[in-house]
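Here's the structure, in structure tokens; my notes come after.
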Amino acid sequence: MKTLFAILICTVVNFPALAEDMTSHTQPLSVINDDSRQLVNYPPDVKAHALANMRGHLKALADIMDAVANAHYAVAADIADNRLGMNSSAAVGCQPKDMKMMQMSKTYHLDYQMQQLMPEEMRVLGQNMHRAANEFAVKARDADKNIQSITEANMALTKIARQCVACHESFRMQ
Ligand code: HEC
């Protein structure tokens, strides 16, 4: 009886916390319905290019998580630097507007237009994400040598994903 009473008390006392927790989990729906994101008005070919770049970001992130899950930290670091980092081709569209375009291939032409048309606040968020990828790579290489650094590498991985979310909350292309 005492135990039952204790369970009842716990349930009643914890209920508001549980309700609050459930609200925070359902919140994204209201965020989606109340769409105050800024529209970035790229021409169709630039938009298609930017969205393909995004799908590449998601693939890179999944591959990084896969490598981390398998404790292949050096591999995860290379993917982050080469496919998401500030010097990767995935970051060309987020480079400063005045960056010289050395190669004027079709892809570079589209990246060039992205650079020119991207709102400055979005560029900052983009660069934050690409830099977070480089910072993760440093932590992942530490983790490769020293098991103690795994938590820091995991935190840095989360930070990449948080930067994706930050931009998605503020901007849209369609
Ligand atoms: C600087 C801003 C920015 C950053 C950083 C960013 N995105 Fe995006 N992403 C966008 C915008 C804007 C869209 C279009 C969303 C819309 O129109 O609803 C988009 C769309 C996408 C899409 C949909 C692609 C499609 O074909 O429709 C995916 C997937 C995606 N992003 C993944 C990511 C991932 C993963 C990251 C982080 C590694 C990331 N993005 C970082 C701005 C960003």
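Excluded from the calculations below are hydrogen atoms, water molecules and symmetry mates; all remaining heavy atoms, backbone and side chain alike, are included. Atoms within a ligand are numbered from 1 in the order they appear, just like the ligands themselves.
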Quiz prompt | Side-chain (Q127) to main-chain (A91) donor-acceptor, under 3.5 angstrom | solution = no

Quiz prompt | Within reach of ligand 1, part of R172 (heavy-atom separation under 4.0 Å) | solution = both

Quiz item: atom 20 (C) of ligand 1: which protein heavy atom is closest, and how many Å away?
Solution: M54 CG, 3.6 Å

Self-check item: Heavy-atom nearest neighbour in the protein, as seen from atom 37 (C) of ligand 1, with distance rounded to 0.1 Å
Solution: C164 SG, 1.9 Å

Exercise. Among all protein heavy atoms, pick the one closest to atom 11 (C) of ligand 1 and tell me residue, atom and distance.
Key: M173 CE, 3.6 Å

Practice problem: Return the residue, atom name and 0.1 Å-rounded distance of the protein heavy atom closest to atom 9 (N) of ligand 1. | Solution: H168 NE2, 2.8 Å

Quiz item: Is it true that V138 and L84 fall in one hydrophobic cluster, defined by side-chain heavy atoms closer than 4.5 Å?
Solution: no

Exercise. Starting from the C-alpha separation in whole Å, work towards a yes-or-no answer on side chain to side chain contact (heavy atoms under 4.5 Å, CB included) for D78 and R141.
Key: CA-CA 9 Å; D78 287 346; R141 287 196 184 96; 2.9 Å; yes

Quiz item: So which heavy atom on M118 is nearest to which on C94, and how close?
Solution: CE-SG, 3.8 Å

Self-check item: Closest non-hydrogen atom pair, L61 against A161
Solution: CD2-CB, 4.4 Å

Quiz item: What do we get for R123 next to ligand 1 when only non-hydrogen atoms under 4.0 Å count, side chain, backbone, both or neither?
Solution: neither

Exercise. Locate the shortest heavy-atom distance separating L51 from M173; write the atom from each residue and the value.
Key: CD2-SD, 3.8 Å

Exercise. Could you tell me whether any N, O or S atom belonging to C167 is less than 2.8 Å from atom 8 (Fe) of ligand 1?
Key: no

